[in-house]
Every structure is written in C-alpha cells, then in structure tokens.
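This report refers to the structure that appears directly beneath it.
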Amino acid sequence: MEGVIFTEEQVDRSRANQDEVAQIFINYRKEGGAYAAALLDELLSNRFGEDQIFRAARSIAPGSDYAESILEAVAACGVLLVIIDGGWLEKINSDTRDPSSGQDWVLREIEEAFKHGRTVIPVLLSGAERLDEEALPETLARVARLQYLRFDYRNIRQDVNFIAEQLVRVCPQVRKVREEPGACSAMLSAPRGTLSVEQ
C-alpha cells in the first residue's frame with residue numbers, strides 16, 4: 001500500500017472536472033469517530049450532494065483498490081476534515097510507537113493532504129480538547145496549529161450549519177452543486193447560535 005504514488009499529471013487530470021471530484025474528504029478513526037463521521041457525511045451530503053463528500057466506508061465501490069481509492073480522493077479533494085474524538089491523540093501516538101500495528105490510514109491521509117497542499121480542518125467532537133503540538137508526531141504537529149471547528153451532539157444544528165458555511169468559504173467548488181430542498185436543508189439553514197469555532 002505504501003508504494004502507491006500519484007504523479008502531478010494524474011492529480012491534475014482527476015481535478016480537471018470538479019463536478020466529478022468529491023471536494024470534501026472525511027478523515028476519521030473507526031474506534032471513536034465513525035458514527036460522527038457517518039452523521040456528518042449524511043448532513044453535508046444533503047447540503048452539497050452525496051458525490052461531493054468522500055467517506056471511505058460509503059464512497060469506495062466494491063472491488064476497488066482501497067489504497068488507490070483513498071489516496072486518489074485525498075489528492076483530488078478541496079478540503080480534508082479530520083474528525084477528532086476524546087481518544088484520538090492517544091490512538092495516534094500508540095500506532096506511531098508500534099510499527100507492527102500496520103498502516104495507520106488516519107495518519108497517512110492527513111500526510112497526503114499536506115503533501116498535495118489541501119486545506120485540512122480539524123473537527124473536534126464532544127469531549128475532545130484542542131490538540132497540543134508537542135504531543136503529536138512530527139508529521140502531524142501542524143494539525144495543532146490549524147483553526148478548528150466543533151461538532152457537538154448537543155449543538156448539531158448550529159454546528160453543521162456553521163461547518164457548511166465554512167466549507168463553502170474555503171472550498172468554493174461545492175457551490176456548484178444545487179442544494180436539494182427538504183428537511184435537512186431547512187435544518188442546516190437554522191440560526192447558528194453559539195460560537196462553534198475557537199481561536
């Protein structure tokens with residue numbers, strides 16, 4: 001898996017038609033953030049269109065090469081959302097210290113996003129604290145300095161609405177998708193309310 005590398009020509013070709021590229025890549029760890037990632041996927045898909053959101057469990061077609069699909073999607077996306085729960089840092093450090101645990105795809109996806117110059121946004125779930133740069137592996141230290149968003153089960157309407165607003169701000173390509181009317185769209189247009197992003 002580690003040998004899969006995409007050339008700049010391949011990346012440019014995959015981004016040639018923005019309507020066919022998932023602009024928002026959801027990076028998450030199965031142990032803690034899977035349910036939040038699935039919920040965020042559902043809500044953002046209702047706002048921007050399912051084809052604009054990449055979540056591995058849903059987006060990779062049967063029979064497709066898992067590694068190639070993920071790396072291609074990261075290279076071609078506009079923004080990568082890093083879902084961070086309360087145990088995220090501990091698991092990252094544990095896998096980093098133990099090479100026998102195999103490929104850590106959460107780590108690999110973030111590194112690939114940085115390599116290709118993609119926008120990376122940490123999304124802190126309920127109970128997750130702001131990351132400490134010194135506690136992170138060297139290749140991830142930058143994540144702690146990035147402006148983050150919150151996705152809290154107590155403020156789903158406000159937080160998802162604000163996340164959607166910020167995604168359009170940093171990734172204008174998602175504007176190309178016509179918003180579908182319906183309950184989820186109405187929910188996402190609700191007043192933002194409390195502050196969902198911190199300095």
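Just the heavy atoms: all of them, side chains too, but no hydrogens, waters or symmetry mates, feed the values below.
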Side chains of [X] and [Y]: closer than 4.5 Å at any heavy-atom pair?
| X | Y | result |
| --- | --- | --- |
| Glu109 | Ile70 | yes |
| Ile156 | Leu39 | yes |
| Ile163 | Leu40 | yes |
| Tyr148 | Leu131 | no |

Point to revise | Passing option when Val74 is tested against Arg108, Glu111, Glu112 for side-chain contact (heavy atoms from CB on, under 4.5 Å) | key: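 Considering Arg108, Glu111, Glu112, a side-chain contact (heavy atoms from CB on, under 4.5 Å) with Val74 is found only for Glu112.
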Review point. In this structure, which one of Val120, Asn27, Leu44 forms a side-chain contact (heavy atoms from CB on, under 4.5 Å) with Leu81?
Key: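 Output: one option passes, namely Leu44.
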Exercise for review: State which residues pass side chain to side chain donor-acceptor pair (under 3.5 Å) with Asp41; sequence neighbours excluded, sorted by chain then number.
Suggested key: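 Applying side chain to side chain donor-acceptor pair (under 3.5 Å) to Asp41 gives Ser45, Arg55, Arg58.
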**Study point:** Residues forming a ring-ring contact (aromatic ring centres under 6.0 Å, His included) with Phe25, sequence neighbours excluded
**Key:**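 Here the qualifying residues are Phe54.
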Exercise for review: Report the residues that fulfil ring-ring contact (aromatic ring centres under 6.0 Å, His included) with Phe151, sequence neighbours left out, ordered by chain and then residue number.
Suggested key: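 For Phe151 there are no ring-ring contact (aromatic ring centres under 6.0 Å, His included) partners, ignoring immediate neighbours.
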Would you name the heavy atoms of [X] and [Y] that are closest together and state the gap between them?
| X | Y | value |
| --- | --- | --- |
| Ile110 | Val143 | CG2-CG2, 3.9 Å |
| Ser69 | Ser64 | OG-CB, 3.6 Å |
| Ile83 | Ala36 | CG2-CB, 4.4 Å |
| Arg150 | Leu125 | NH1-O, 4.1 Å |
| Arg154 | Asp152 | NH2-OD2, 2.6 Å |
| Ala144 | Leu136 | CB-CD1, 3.8 Å |

